[in-house]
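Some notes on the structure that comes next.
Residue numbers start from 1 in every chain, and the chains themselves are labelled A, B, ... in the order their sequence lines are given, proteins ahead of strands.
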Amino acid sequence: MSVITRFAPSPTGFLHIGGARTAIFNFLFAKKHKGKYLVRIEDTDLKRSTDEAIQAIHDGLEWLNIVPDEKIIYQSQEVKSHVKIAVELLEKGFAYKCYLNSDELKQLRFKSRENGSPIKSPWRDKLNKNNDDSFVIRLKMPSKGKTTIRDLVQGEVSVNNEILDDMIILRSDRSPTYMLSSVVDDYNMGITHIIRGDDHLNNAFRQVQIIKFLNWKEPSYAHVPLIHGSDGLKLSKRHGATNIFDYHKMGYTTEAMFLYLMQLGWTANNENDFDLDKIIKEFSLEKVNKSPARFDIKKLNSINSKNLRQKDLDEVLELIMKHFSLKLENIQKYRLKSLLPELLKRTNTYIEIKDDIEWITIDDFICNNKDNLLILKDKNTTLKEIGFLLNECIWSKDSIDSCLKKYIIDKSLKFKDIGPILRIALTGKTSSPDLVTVIYELGCTISLNRLNYKY
RNA sequence: GGUCCCUUCGUCUAACGGUUAGGACACCGCCCUUUCACGGCGGCAAUACGAGUUCGAAUCUCGUAGGGAUCACCA
């Protein structure tokens, strides 16, 4: 039987980092077993589900490049089949109508919390005699024995059936609850492996009862731990961005994000190598850790920086042009691309090259930093003299290099006497790629213009 | 509080019951160097605590402490 996994987010917000990692695990596992990875939007709570959220989930998945193998399924469109199962469960005596009102429930809940036992509805063994319509359908949980789940991540976990509460599967408005819908959809979709956050582990014991009542084949479970913030607490806004798509906006690459997320709780052979085929081959749920990992932006930065330097230059250029809405002539584009490898050595994210775009792409760029300008004023002649020499020189890195060195020797100077001012005149900055490269890539005309400018 | 799960350098983690407890990120130092980087070399740094089993425990058992998940007519 071939493997089918699913990522099942509820569209009540953007795609969370933790959710994204769950999706990645689902994707990886399915691919490893040459199966299918599906996405199901759990939008049964119509009040809280929004179109923006659905779009955000799309955007996030698309950015991470983990789009499902089949059309996305919307749970809200499957409610009929969920209700049908609820009725079947009722008819077969595995579920019952419960007429408890909210006040009665509140009291029961209070009691149950006190003595640590689940809520017991008095209607479990009573028949409907008043014929009224305000009921919910509850599942008749087994009260003896225990239920054990062989979880691919958590191992074998057992729980005494007496702690299972008679969960509601159909609300009083006849809509199915998540506890039912999820199980039915997984069955209908032929899901073989349920990989989800470990906040669902407790649900598994209850949901599996439906499967047992109906004699369905039990899927395999893998409950992966949640991701925590740097302080070990649940990831929230104050830890930084939790929306996966924000990391795109911050200049992280798809590959880096994928690499980082998948390594939170799982160890790859090579943490910086984004070779999807290799990753898929290596991936194993059994090796996923049981304890929650902390999100560490510094590690992400490191992976991103390395990925940026490995990545195809045209792709990086494309990302940069898109991010900064740059419209460049071919010559400027070429200049930027040529200097890119040097710039990328100095950044974690590609948006950090922001300050370098102007001096590279604007032909008549002139230093506009006041403090730096003052320095240049005194050195006008030096710049001109160097400019004169450069004008005579063959345009190669070697000859530019020897040209500069010759000047130093002739004037008995040190490189640090001309380096900083050259750099400021050419780039407007006090740090940049090495000067020979800068001069060479900027070209003779532009370099001379900047050196000969009257500051 | 009940139930379930977890605990190895600051962080992510590796280690058939036998390793000088390994790697990566971060940090520090040195080298390279015209700046900032990249790179190279090196350093700091961990088995939560306490018992037990064993010739031998990070690894198995129990207890303690700490952390997490969950306990809805949400998903």
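A:Asn203 comes within contact range of at least one nucleobase, with a heavy-atom separation under 4.0 Å. Among the atoms of the strands shown, none is found under 4.0 Å from any heavy atom of A:Lys106. Using a 4.0 Å heavy-atom distance criterion, A:Leu180 is classed as making no nucleic acid contact. Using a 4.0 Å heavy-atom cutoff across all strands shown, A:Ser431 reaches at least one base atom of the nucleic acid. Contacts of A:Ser181 with the nucleic acid, taken as non-hydrogen atoms under 4.0 Å apart, are absent. In this structure, A:Leu435 reaches the bases: a heavy-atom distance under 4.0 Å links it to at least one base atom across the strands shown. When heavy atoms are screened at a 4.0 angstrom cut-off, A:His228 is found touching the sugar-phosphate backbone but no base atom. Note on A:Arg423: a base of the nucleic acid sits closer than 4.0 angstrom, heavy atoms only. No engagement by A:Lys416 is indicated, since no non-hydrogen atom pair under 4.0 Å with the nucleic acid exists. Counting non-hydrogen atoms under 4.0 angstrom, A:Arg48 reaches a base of the nucleic acid. Note on A:Val159: only backbone sugar-phosphate atoms sit closer than 4.0 angstrom, heavy atoms only; bases stay farther off. The residue A:Gly265 sits close only to the backbone: its heavy atoms come under 4.0 Å of sugar-phosphate atoms, none of a base. Contacts of A:Ile119 with the nucleic acid, taken as non-hydrogen atoms under 4.0 Å apart, are absent. Among the atoms of the strands shown, only primed sugar atoms or phosphate atoms (P, OP1, OP2) are found under 4.0 Å from some heavy atom of A:Leu233.
A salt bridge links A:Asp273 with A:Lys278: the distance from a Lys NZ or Arg NE/NH1/NH2 to an Asp or Glu carboxylate oxygen falls below 4.0 Å. We find that A:Arg206 and A:Asp165 are joined by a salt bridge, their nearest charged nitrogen and carboxylate oxygen being less than 4.0 Å apart. Taking a cutoff of 4.0 Å between a charged side-chain nitrogen and a carboxylate oxygen, A:Asp186 and A:Arg6 qualify as a salt bridge. Salt-bridge check for A:Asp401 with A:Lys397: failed, with every basic side-chain N at 4.0 Å or more from each acidic carboxylate O.
OP1 or OP2 of B:rA75 has at least one side-chain nitrogen or oxygen of A:Thr44 nearer than 4.0 Å. Distances shown here put a side-chain N or O of A:Arg109 below 4.0 Å from the OP1 or OP2 atom of B:rC73. For the pair A:Lys290 and B:rC6, the criterion of a side-chain N or O lying under 4.0 Å from OP1 or OP2 is met.
For B:rC16, there is no paired nucleotide, since no Watson-Crick or G-U wobble pair has both relevant distances below 3.5 Å. With both pairing distances under 3.5 Å, B:rU11 is matched to B:rA24 as a Watson-Crick or G-U wobble pair. Using the Watson-Crick or G-U wobble rule with both distances under 3.5 Å, B:rG52 pairs with B:rC60. Summarising the base pairing, B:rC4 is matched to B:rG68 through a Watson-Crick or G-U wobble pair whose two defining distances lie under 3.5 Å. The base-pairing partner of B:rU47, taking Watson-Crick or G-U wobble contacts with both distances under 3.5 Å, does not exist among the strands shown. Pairing of B:rU34, defined by two Watson-Crick or G-U wobble distances under 3.5 Å, is not identified with any nucleotide.
Toward the 5' end of RNA chain B, the nearer of the two residues A:Gln263 and A:Phe205, judged by each one's closest nucleotide, is A:Phe205. Projected onto RNA chain B by closest heavy-atom contact, A:Arg21 and A:Asp43 fall at different nucleotides, the more 5' of which corresponds to A:Arg21.
Judged by distance alone, with hydrogens and angles left aside, A:Ser432 brings no side-chain donor or acceptor close enough to the base of B:rC36 to form a pair under 3.5 Å. With hydrogens and angles left out, the side chain of A:Asp296 and the base of B:rA26 share no donor-acceptor pair within 3.5 Å.
Among B:rC5, B:rC25, B:rA75, the nucleotide with an atom closest to any side-chain atom of A:Ser302 is B:rC25. You'll find that the side chain of A:Asp434 is closest to B:rU34, out of B:rU34, B:rC73, B:rG39.
Each of A:Phe258, A:Phe295, A:Tyr260 was checked for a ring-ring contact (aromatic ring centres under 6.0 Å, His included) with A:Tyr247, and the lone residue meeting it is A:Phe295.
On the P atoms, B:rU61 is 16 Å away from B:rG18, given to the nearest whole Å.
Relative to the six-membered ring of A:Phe135, A:Lys97 meets both conditions, a distance below 6.0 Å and an angle of at most 45° to the axis.
Annotated as syn: B:rC38, whose glycosidic dihedral is within 90° of 0.
With no hydrogens or angles considered, a side-chain donor-acceptor pair links A:Asp185 and A:Gln75 at under 3.5 Å.
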